[in-house]
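Every chain is numbered from 1 and lettered A, B, ... according to where its sequence line falls, protein lines coming before strand lines.
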Amino acid sequence: MAEKTQSKAQGAEIDAQAARDLYRRMRLIRTFEDTVQQQFQKGNVHGTTHLYSGQEASGVGVCSMLTEGDKVAGTYRGHGHSIALGVSPQKLMDEMFGRETGACGGRAGSMNVVDVESGLIGCFGIVGGSIGAATGAALSEKLLKTGNVAVAFFGDGTSNQAYFHESLNWAQIEKLPVVFVCENNLYMEFTPIENVTAGAIGSRPQAMGIHYQQVDGNDVFAVREAAAEAIEHARSGAGPAFLETMTYRFVGHSRSDPGKYRKPGELDEWKQRDPLILGRQSLQERYGIESERLDEIDADVAKELQEIVERGLAAPFPDPANGGGEFK
Amino acid sequence: MAEKTQSKAQGAEIDAQAARDLYRRMRLIRTFEDTVQQQFQKGNVHGTTHLYSGQEASGVGVCSMLTEGDKVAGTYRGHGHSIALGVSPQKLMDEMFGRETGACGGRAGSMNVVDVESGLIGCFGIVGGSIGAATGAALSEKLLKTGNVAVAFFGDGTSNQAYFHESLNWAQIEKLPVVFVCENNLYMEFTPIENVTAGAIGSRPQAMGIHYQQVDGNDVFAVREAAAEAIEHARSGAGPAFLETMTYRFVGHSRSDPGKYRKPGELDEWKQRDPLILGRQSLQERYGIESERLDEIDADVAKELQEIVERGLAAPFPDPANGGGEFK
Amino acid sequence: MADSNGTLEYRVAIREAIAAEMERDETVVFFGEDVAIAGGVFAVTPGLYERFGDRVIDTPISELAMSAGAFGAAVTGLRPIFEIMFADFLLLAMDSLVNQAAKYWYVSNEQASCPLVVRAAMGAGGNFGAMHSQSPIPWLQGVPGLKVVAPATATDARALLRQSIRDDNPVAFLEHKRLYSVKDPVSDDDPEVLPLGKAAVVREGTDVTLVSISKGVRDCLRAADELSERGVNAEVVDLRSLRPLDTETVLNSVAKTNRVVIVEEGPLIGGWGANLMGIVAAEGLHDLDDAWTIACPETPIPYSPTLEDPFMPDEAKIVREVASRLGVDAEIATGA
Amino acid sequence: MADSNGTLEYRVAIREAIAAEMERDETVVFFGEDVAIAGGVFAVTPGLYERFGDRVIDTPISELAMSAGAFGAAVTGLRPIFEIMFADFLLLAMDSLVNQAAKYWYVSNEQASCPLVVRAAMGAGGNFGAMHSQSPIPWLQGVPGLKVVAPATATDARALLRQSIRDDNPVAFLEHKRLYSVKDPVSDDDPEVLPLGKAAVVREGTDVTLVSISKGVRDCLRAADELSERGVNAEVVDLRSLRPLDTETVLNSVAKTNRVVIVEEGPLIGGWGANLMGIVAAEGLHDLDDAWTIACPETPIPYSPTLEDPFMPDEAKIVREVASRLGVDAEIATGA
Ligand SMILES: Cc1ncc(C[n+]2csc(CCOP(=O)(O)OP(=O)(O)O)c2C)c(N)n1
Ligand SMILES: Cc1ncc(C[n+]2csc(CCOP(=O)(O)OP(=O)(O)O)c2C)c(N)n1
Ligand SMILES: [Mg+2]
Ligand SMILES: [Mg+2]
């Protein structure tokens, strides 16, 4: 978690090395997700998966502003949240493979990963769960006076659900140090978000007087800056902050998704604003980092993933005789 | 339901006779509640009760603008909603007494009364239930093209609960003909509403683009006028309307309530704005109805309640051998 | 409709039942998340929206509002069917189902009924993990007023769903995810509806009674086939519903076989299997020579195939246990 | 603390347990609707807010957020206790309890525990009607990872609640409304804590075993007294918790008495009573001469006293049924 500790000291301003790390982490997520997809098709990943491809800047931007002891609650689309926070991609892949070496020993699978040591209190397969859990974690931070914050990631469609409303209200009443990050990728599964949502999502936290920002969720630097403000607000004791990151999912909602609901040309347009493309541009413009250096990162990450897969597929499956017996 | 049918034809403007009826109905509720309280103390009403005393103008004003076929969902504080809608006070009292002649044959009790013939789809003992149920009833009205509306009554404290958020959103998306009537009596049980509610309640429906009005909930004429607009909005197909009636509870939340939470002088101030006092003033000012005529109504209602109690206490208890066996 | 092989797919059976009842009764409506335009995440309901228009509705992610909406609609003239995508999410909808819908007919003193059906995909075996694999039966069975139906075959699914939609009070209709793609033979004699609360003896036998519901029935039938090769003649009872609960059919079978094994995909403690066993034991105590329940370990459902596979009360486990308790060679019996 | 008669009121026992654990462990917090300033609608928790300040919190009417908040707090260093005012409202909180809290320790591969206690007032007999009188046990018992505790006496309540708070995983702690005002004798030997999952033989006997939990235990004890006057010597087992479920104590008792009656305030179908009976029957089949369950009718709970009174499985019903099945004169036995 070196990066996180560092960034706290600096605010949103970072040096070239840290900027390169941001890019690397986004690439790591993308390549991880591509690999999960391939391995799913090969039968090494089971059940179902919900990939984060296209949304990397949101998770990476937000988590890069967190510090030691902060907590994160992710979703079923949680590989990105996990890697952004610093969960070992090896442990994560091993979990997808159902191995004993997985983050949860193969018990959790794609949707429910927990990694306490990174501050990942959980990924929540049931929509809205992350919001309620992070609110509770923030109650701990407040009462235990840790100075830490808790972050809830969730999607646009989740704003119509019970946890959202009840938890936002309670967090604001109790002035809890929680940051609600709504990753608005325009769709609730296959349904355009406007078809199922009355009014703008942002007007809901605002109706409760909650600090609200909307940001380009594909620009990792913009997300960082907005997150810095939101996190600072929450950490200061002023109550929760709500950050809406506008983004787009490049792949199917889950493994079986015809994608028919997308508006014509929409995917292509968003692909031009791929967080990785925008990231490369920013690194070149702001830090003069050449394209070749970034290609090296890409190649490096590709190699890392290859090794991860090799190690993962060689890892042992869990033995049902261990645990799984009487509940503690 | 004569009164209701009439009022539809006329809009909020009414003649002296109808105005007197409004007053009479408010008095009927107040005396009914006083009687329930006495009978509770005598051991003839069981379990618990939540009285509507002080809030009469809200229920009476709204229900007086409904028409044949409209539906109402009330709360555990539902005697007022029921009587306002036209449920027989005899059947209601018999229900409190647990008699076979009660609205639900003694099966429901104070909190859960259903009276299909009046359009009372139910009183909901669990907070928020009325909101969800009325939203569903409005789905029927819309799909069956009845031209009717459904009304949900609920309290201020209920605005922090799951049903509230999910149902408001869905109703607005589907443009359902439902009127949400939030009876804001300033307290959620013993807790001042501002202690548990972030922001103004009204900003929540407004955040969803729902038609919103706030009205003096102790002035039955003001409530009628506002309700006319809200109901018309819903009935027209323009989607739900939200009416916040500002009022105050004169008695304990439920049967055991120390009342310590009230601010000094608050109860007295509100008692000067008793809906019955305001009602008398309006009848005198608007229609020149003399105080003596209104005293006659009061006496008449008192007599009616006495007879209701006599008949109710003479009615048979239900026989457990009837029904209660295999579920249909 | 049968396909060219004369068989019917389970998911198609569900779709046909909904379509037939919507055709038959204009007050039947259907809603859920992504059920209309997208046709449902398990591809159960494509085509219904095109056919029935605004009677098929895509909802927000609002399980509680859906459930309460179905309740409110059901008591005011519609017959709603709604889908809770994974049965695990029923927990978000339970207040309305249990406190409103299930109680309405009784508490209103039978003034009005509440005809609604909640469909949900349940069950483990697909590596969906602990929150997308549960059987909700333990949460739902102890609720007077709420019928719980879970068909084992495509033809039963069609007939039971049609009857559930016609039923005047709430029904939880549970579809096991591992059954959506099974195909069962159809014939012209298949009944349009089947009564709720009537179990079926789906295989006659004399030595032991295997009782289950939903996917478990298919496991029992395969186990019975294997057991018959070892000389054990098992009778198999498909309960079809868990409320109403047809204990009579089970008792009649047990009176014949004197041995009963109840197979449940779920925990033993608080499960329907031991509950039924308790009812059977109390009524048929002196008919019983042997009786036990095969259920899951008392933990959440694990993800990894090496953990989830042995977690399930499958055919092999049934064969093994029955063979061993009946003194038949277990090794041979498991087909090893 | 004992009052001047040397007895302890049940509601005071609960209060003392919370206070003692809050004193002992700074991470224990307590929240719920009107539990702090007002001291709870059943007057269980007055004084705690004054004593522990911001560790005792009044919440909005947000059962789901409370439950999820307790979960999130429990996995990050607090030990929350929260109150769901009436157990009937637990249905609004169940997603978090079942899908988050109960599964956390197992699914996280035992990385972290989830030490929370949800307290709720349950039970009928007070004419509160169908939505304020239920026993939530049928909904909760079939959830691996969620302990279910329901004490019968004030001293048990105190010791079991203290242990529940210390337990490292979620506990549903159920308090019967009809017990809040009962008083039980205290002594200096009362244990500070009692283990969860350990039943108690609260009366020794030889002829029949009566098994119950919570208020039902007190009904059984009174019934046993009356039965003893008719020459029937009943043993009474208080289960104390339904998960973990101490079947061993029941089996040991049944091995002695050969007859078991399980008394449940709730429906038979899907209830814990027949479930336990099924487990006992499977394991102790050949010890049993007679076995049955006394439960409620399969309907919602009615309001009117003339309906609710006979709905309950009370002392008189237990005496009547045991007397009649054991061939003792029932009329005399009911005390008529
Ligand atoms: C309570 C609940 N209902 C339904 C689902 C099924 N489901 C999984 S993801 C999803 C859509 C969520 O949309 P959104 O919040 O926008 O997040 P996104 O998937 O777009 O990231 C749904 C309906 C669920 N997991 N939980
Ligand atoms: C879901 C639920 N939680 C808690 C309660 C207990 N309860 C009954 S009334 C009430 C307060 C409701 O306050 P408000 O909505 O303002 O209505 P009011 O009683 O003031 O009319 C509470 C908490 C309940 N009935 N249902
Ligand atoms: Mg989305
Ligand atoms: Mg209020």
[atom1]/[X] to [atom2]/[Y] distance, rounded to the nearest 0.5 angstrom?
| X | Y | atom1 | atom2 | result |
| --- | --- | --- | --- | --- |
| C:Ile37 | A:Asn195 | CD1 | CG | 6.5 Å |
| C:Tyr303 | A:Cys104 | OH | SG | 11.5 Å |
| C:Asp58 | A:Glu189 | CG | CD | 10.0 Å |
| C:His132 | A:Asn112 | NE2 | CG | 7.5 Å |

Side chains of A:Asn160 and C:Ser62 only: does a donor on one sit below 3.5 Å from an acceptor on the other? no

Are any of the side-chain heavy atoms of [X] and [Y] separated by less than 4.5 Å?
| X | Y | answer |
| --- | --- | --- |
| C:Met131 | A:Met111 | no |
| C:Phe128 | A:Thr48 | yes |
| C:Thr306 | A:Glu100 | no |
| A:Arg107 | C:Ser304 | no |
| C:Glu308 | A:His46 | no |
| C:Leu92 | A:Gln161 | yes |

Is it the case that over 12 heavy atoms from other parts of the model lie below 6.0 angstrom from the NZ atom of A:Lys260? no

Count the heavy atoms of every other residue, nucleotide or ligand shown that sit under 6.0 Å from OH of C:Tyr180, and state whether that count exceeds 12. yes

Below 4.5 Å, heavy-atom pairs only: which of [options] has the largest tally toward chain C?
| options | answer |
| --- | --- |
| A:Gly102, A:Gly98, A:Pro318 | A:Pro318 |
| A:Gly128, A:Ala108, A:Ala162 | A:Ala108 |
| A:Ser254, A:Ser159, A:Gly157 | A:Gly157 |
| A:Gly47, A:Gly129, A:Gly105 | A:Gly47 |

Need one label for [X]: side chain, backbone, both or neither, based on atoms under 4.5 Å from any heavy atom in chain A.
| X | result |
| --- | --- |
| C:Leu91 | neither |
| C:Thr59 | backbone |
| C:Met85 | side chain |
| C:Ile61 | both |

Please flag which part of A:Tyr163 lies under 4.5 Å from any non-hydrogen atom of chain C: side chain, backbone, both or neither. side chain

Kindly give the heavy-atom pair with the smallest separation between A:Phe190 and C:Ala38, and that separation in Å. CD1-CB, 3.3 Å

As an exercise: rank C:Pro60, C:Ala36, C:Pro302 by heavy-atom pairs under 4.5 Å with chain A and give me the winner. C:Pro60

